[in-house]
Amino acid sequence: MPGVILWIVVAFHLVVVTFAKSRSDLVNQLYDNYDSRVRPSKVYSQKVSVEFKLYLTELLDVSEVNQKIETKVHLKQTWTDPRLSWNSSQYDNVEHVYLETEKIWLPELVLYNNADGDFAVSIRTKAKVHSSGRVEWNPPAILKTFCEIQVATFPFDTQNCTMKIGTWSQDGGVLDIVNLNDDGQESECLENIKDLALCGKRKCNAPDISAFEENGEWKLLSQGCTKHYVKYLCCKKPYPDMTYYFVIRRRPLYLIINILFPTLLFSLLTSAVFYLPSDAGEKITLSISVLLSLIVFLLVVVEAIPSTAKGVPLLCQYIVFTMFLVCLSIVFTVIILNVHNRSPSTHVMSPWTKKMFMEWLPKFMISSTVKKINTREDDVIESARHDHIYSNMSDISGRAKRTEILGCELRKAIDSVNYVADYFHDQYESQKKEDEWKYVAMVLDHFILYVFMAACFIGTVAIFAGRLLELDREEECLKQNGEHCLDGGV
């Protein structure tokens, strides 16, 4: 008896194996009489729900000039198609097959803020179909989307870029996109679209970044997703969409080394102009050379600076500030050279000028090479020296001791000596006045040097310090509140 039962079981299995259909038969049967234009629903009023999830794998490029962002993603889409179900026991226990997506129904999802020619997925990979009729499609894509670049804080900028994906021709009553592990409130939103508390900005699962590759220029700080139901005038039911946002921050090291640091050196060279002696004759040449070098440098880096009228980047502000300092240095250099080359025959130094630039300002000069002059003591010494010279001349001429009339030859000799003495005295006085003007120019040079160095430091701190202090607070806020820390969030 046991032998008979064993033969019956073996015979049954042989029959099943003999009459079981192969995988190719299953695929042909699924394609047979299948219309990819028809939604996988038994009745028209039945909604097809597509579970959607975005996998962010790489940030390829951010174009500030064209206001575009390019990303590499995987778009996982899952739905149920009853027409693609089968009994696995009749097909050699085949649980799933891979079908060509050109021959089956696919959900019509488009990228709303697309910046390229193709609004949908261009690569049609095969879909994984389970015996229960569940279809999984996970195509890769390179998406180019518009992103409004905020340039006001460039090169220490943080950008909030979005990616809006939703249905186009079919409303939410026919085709709805839901997030994986959703809470099942979509039906209520479709019927109560005016309920903002329920159907306003609804959280959905953030993009998966488990396979994300870090970008060398940008750092991903935060990401998230918000689902919207938008009611248009044309249709009764709202259209669903999922808006993914990515908060990225620029890594500024490259721009600091190649743009910011050279600009800082230009501003320091501007201050060095005032340390160059006026007698060297190269002050104007150095100032013009620095200005021309800065202009050429600006032409080189202008392509790296975003062109927009919505804000002036910090880097542009700093370059304009440096150019203003260079132009101002040329003006002050011309004034200093004018003072340096003045003479008693054309200019007279006023008492307040002498007091300010020869008595007050030198007291505050840090440089030990600047000679301190006391004009009062110099006047007293010069007056005593003048009296001593002419008293000696009286001794020579004998005017203080003798009253008799001297000979004509001796008088002519004394007059000649007085003429020569007066000539050398005038030369001395003229040289002294010229030296006073040169001293004033030197003091003015040193004073403006200190002013420009202070302006360079204060200007650099004023332009960049505020933004640098905000970076840590902004990153901490993004970890706690997401995109709401930034202006213009979704």
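Throughout, numbering of the chain's residues begins at 1 and tracks the sequence.
Summarising the local packing, CZ of F447 is surrounded by 12 or fewer heavy atoms from other residues, nucleotides or ligands at distances under 6.0 Å. Counting non-hydrogen atoms of other residues, nucleotides and ligands closer than 6.0 Å to NZ of K144 gives a total of 12 or fewer. Enclosure of atom CE in M349 by more than 12 non-hydrogen atoms of other residues, nucleotides or ligands within 6.0 angstrom is indicated. Around atom CZ of F261, no more than 12 heavy atoms belonging to other residues, nucleotides or ligands sit under 6.0 Å away.
Judged by distance alone, the side chains of N138 and H74 never bring a donor and an acceptor atom under 3.5 Å apart. In the model, D157 has a side-chain atom that pairs as donor or acceptor with a side-chain atom of Q159 under 3.5 Å.
Residues Y112 and W168 bring their aromatic ring centres within 6.0 Å.
Annotation for M163 and T145: closest pair CG-CG2, 4.1 Å, computed over non-hydrogen atoms. Heavy-atom minimum distance, V348 versus W437: C-CZ2, 3.8 Å. In terms of heavy-atom proximity, S287 sits nearest to I330 at CB-CG1, 3.5 Å. Minimum heavy-atom separation, Y229 to P240: CE2-CB, 3.8 Å. Between P313 and F154, the shortest heavy-atom distance links the atoms CB-CB, 3.8 Å.
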Inset, instruction - Using the side chain to side chain contact (heavy atoms under 4.5 Å, CB included) rule, take W137 and T125 through it: C-alpha gap first, then chi angles, then the decisive distance, then the call. - result: CA-CA 8 Å; W137 188 37; T125 59; 3.1 Å; yes

Inset, instruction - List the steps and the verdict of salt bridge (charged side-chain N to carboxylate O under 4.0 Å, His left out) for E213 and K72. - result: CA-CA 10 Å; E213 298 180 9; K72 182 180 178 182; over 6 Å; no

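E64 places no side-chain N or O within 3.5 Å of a backbone atom of I149 that could act as its donor or acceptor partner. No donor-acceptor pair under 3.5 Å is formed between the side chain of D61 and the backbone N or O of E70. Under a 3.5 Å cut-off, the side chain of Q223 and the backbone N or O of F246 do not form any donor-acceptor pair. Put simply, the side chain of N113 gets close to the backbone of T162: a donor and an acceptor are under 3.5 Å apart.
The CD1 atom of I177 lies 6.0 Å from the NZ atom of K227; values are rounded to the nearest 0.5 Å. Note that the CG atom of L268 and the OG1 atom of T263 stand 11.0 Å from one another [nearest 0.5 Å]. For the atom pair CG (L106) and OG1 (T101), the distance works out to 5.5 Å, reported to the nearest 0.5 Å. To the nearest 0.5 Å, the span separating CD1 on I142 from OG1 on T71 amounts to 9.0 Å. Between the OG1 atom of T158 and the CD1 atom of I248 there is a distance of 9.0 Å, given to the nearest 0.5 Å. Atom CG of L291 is separated from atom CG of L286 by 11.5 Å, given to the nearest 0.5 angstrom.
I259 pairs in a side-chain contact (heavy atoms from CB on, under 4.5 Å) with only one of the listed residues (F297, Y318, Y254), which is F297. Paired with D435 under the rule side chain to side chain donor-acceptor pair (under 3.5 Å), one option of K432, K433, Q431, K438 passes, and it is Q431.
Ion pairing between a basic and an acidic side chain is recognised when a charged N comes within 4.0 Å of a carboxylate O; E217 and R250 show such pairing. The residues K237 and D176 are annotated as not salt-bridged, no charged nitrogen and carboxylate oxygen being separated by less than 4.0 angstrom. Salt-bridge check for K76 with D208: failed, with every basic side-chain N at 4.0 Å or more from each acidic carboxylate O. A salt bridge is defined here as a Lys NZ or Arg NE, NH1 or NH2 lying under 4.0 Å from an Asp or Glu carboxylate O, and E436 with R342 fails to meet this definition.
By the 30° and 60° cut-offs, the orientation of the rings of F274 relative to F452 is tilted.
With sequence neighbours excluded, no residue forms a salt bridge (charged side-chain N to carboxylate O under 4.0 Å, His left out) with R124.
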